[in-house]
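Here the structure is laid out as structure tokens; the discussion comes afterwards.
Worth knowing before you read on, the calculation uses all heavy atoms, side chains too, and leaves out hydrogens, waters and symmetry mates. All ligand and atom numbering here is 1-based and tracks the order in the structure.
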Amino acid sequence: MKILLTGAAGFIGFHTAQALLARGDSVVGFDNMNAYYDPTLKEARLKILKEHKNFSFTKGDILDRPTVAKVMQGCDRVIHLAALAGVRYAFDHPDEYIDINIKGFFHVLDEVRKQKIPGLIYASSSSVYGGNEKFPASETDRTDNQVSLYGMNKKDNELMAHTYHSLYGTNVTGLRFFTVYGPYGRPDMALFLFTDAILKNNEMKIYGEGKMQRDFTYVDDIVSGIVASVDKNYPEEIFNLGCGRKEELMDFIAMIEKACGKEGKKVFMEMQPGDVRASLADIAHGKEKLGYEPKTRIAEGIPKFVEWYRKYYGL
Ligand SMILES: NC(=O)c1ccc[n+]([C@@H]2O[C@H](COP(=O)([O-])OP(=O)(O)OC[C@H]3O[C@@H](n4cnc5c(N)ncnc54)[C@H](O)[C@@H]3O)[C@@H](O)[C@H]2O)c1
């Protein structure tokens, strides 16, 4: 297949591209290489992808509709991952989030409709569950209790996709990712920040006084769910992609310390606006319809990240 992948230089995009290329698909990568976090990490991912003959890349913005239209031509699928992905950054930058995560999403979705692309697979998030207190969260739960602008954006994407399916018959699959981690991971996320602080003997800020729980999902498992969604290409679906296990934040930190071989200097902080206490995915629906079967637990995944981090940053 020929697949347009937005956000190809991003964390999940990079791993997704590698998996698709490895099985023989052609990937048209698209990314604006923004500086939300260190763009040299995006460049490093791209350098690896560009070694593959079936990978092409266009630097561009999803807000630039004519360019989106051009790169989409002749594609069998669109995987839309480009977004502003940080929950906390949205607090002070609402305009950018509305532009990129809502208007940008609309450009991609409407172009998929216009060009009659057979299927759109797009990134949603566990953030759509917002302040819900029912765990594990399942796809049939209500998602009208957002506590962050980012969660609201993703919910909006799901509604738009649903509407396009109803009106135009566009095939749409939304994937609610649960805290993804792994090599080449995002520098604004907990695993990166903690590893960095521990190895450089800096203080590590632990929000929510450390009393948070998360369903941490290894990136290869997420990629397996994305690829299965591309292949199944259901008319309209939403899937939770999590590990299906709720980990205590302090256990997660203890595992990072173990992998780093030393203890971190912990500073406990209050919960931040927009954060949720816990997340846990019910993954039964994905198991049934995608054959989704997460394989990597944090005891295995964290050391893989730390090993990559040490090597990449020469620490
Ligand atoms: N990583 C997670 O834990 C997680 C959890 C839930 C949902 N998601 C979603 O998964 C997707 C991928 O996340 P990620 O962790 O790989 O983030 P990432 O920031 O590493 O990747 C996103 C990529 O999109 C690009 N991008 C942003 N705005 C763009 C624009 N206007 N035009 C073109 N490209 C643009 C960025 O340059 C970046 O390379 C996002 O939609 C995110 O919201 C991620």
Exercise for the section: Would you please determine whether H80 falls within less than 4.0 Å of ligand 1 on a heavy-atom basis? Expected result: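 Per 4.0 Å heavy-atom rule, H80 does not contact ligand 1.
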[atom]: which protein heavy atom is closest, and how many Å away?
atom	answer
atom 12 (C) of ligand 1	L81 O, 3.5 Å
atom 32 (N) of ligand 1	I62 N, 3.0 Å
atom 16 (O) of ligand 1	I12 N, 2.8 Å
atom 37 (O) of ligand 1	D31 OD1, 2.6 Å
atom 15 (O) of ligand 1	R186 NH1, 2.9 Å
atom 27 (C) of ligand 1	N34 ND2, 3.2 Å
atom 3 (O) of ligand 1	V180 N, 2.7 Å

Problem - Under 3.5 Å: donor-acceptor pair, side chain of Y309, backbone of G314 - result: no
Practice task
Give a yes or no on whether the backbone of G244 and the side-chain of D215 come within a donor-acceptor separation of less than 3.5 Å.
Solution key: yes
Does [X] come within less than 4.0 Å of [Y], counting only side-chain N to carboxylate O?
X	Y	result
K287	E293	yes
D110	R65	yes
K70	D64	no

Handout entry: Residue pair K295 / D221, side-chain heavy-atom distance below 4.5 Å
Key =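 Yes, close enough: below the 4.5 Å cut-off.
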Report yes if [X] has an N/O atom closer than 3.5 Å to an N/O atom of ligand 1; otherwise report no.
X	answer
I100	no
D61	yes
M189	no
A85	no

Can you sort out which atoms of ligand 1 are near [X], meaning under 4.0 Å from one of its heavy atoms?
X	value
M33	37 (O)
A82	24 (O), 26 (N), 34 (N), 35 (C)
T179	3 (O)
Y37	18 (P), 19 (O), 20 (O)
G60	32 (N), 33 (C)
Y150	6 (C), 7 (C), 8 (N), 9 (C), 42 (C), 43 (O)
G7	23 (C), 24 (O)
A123	9 (C), 10 (O), 11 (C), 41 (O)

Exercise for the section: Using only heavy-atom distances, determine whether the side chains of K155 and T143 contain a donor-acceptor pair under 3.5 Å. Expected result: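 Present: a donor and an acceptor within the cut-off.
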Quick check on the hydrophobic clustering: are [X] and [Y] connected, directly or via other members, by side-chain heavy-atom contacts under 4.5 Å?
X	Y	value
Y181	L199	yes
V128	I283	no
F55	Y184	yes

Exercise for the section: Measure from atom 30 (C) of ligand 1 to every heavy atom in V68, N32, N153 and give the option owning the shortest one. Expected result: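 Residue with the shortest heavy-atom distance to the ligand atom: N32.
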Fill in the blank from the handout: Note: heavy atom closest to atom 21 (O) of ligand 1, options A83, S124, A9, G10, belongs to G10
Handout entry: The single option from E248, R277, E247 passing side-chain hydrogen bond (donor to acceptor under 3.5 Å, both in side chains) against Q213
Key =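 For Q213, the side-chain hydrogen bond (donor to acceptor under 3.5 Å, both in side chains) check succeeds only for E248.
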Practice task
Run through Y89, Y36, Y37 and flag the one making a side-chain hydrogen bond (donor to acceptor under 3.5 Å, both in side chains) with D188.
Solution key: Y36
Handout entry: Set of side chain to side chain contact (heavy atoms under 4.5 Å, CB included) partners for E237, sequence neighbours left out
Key = T173, Y234, F239, H285, K289
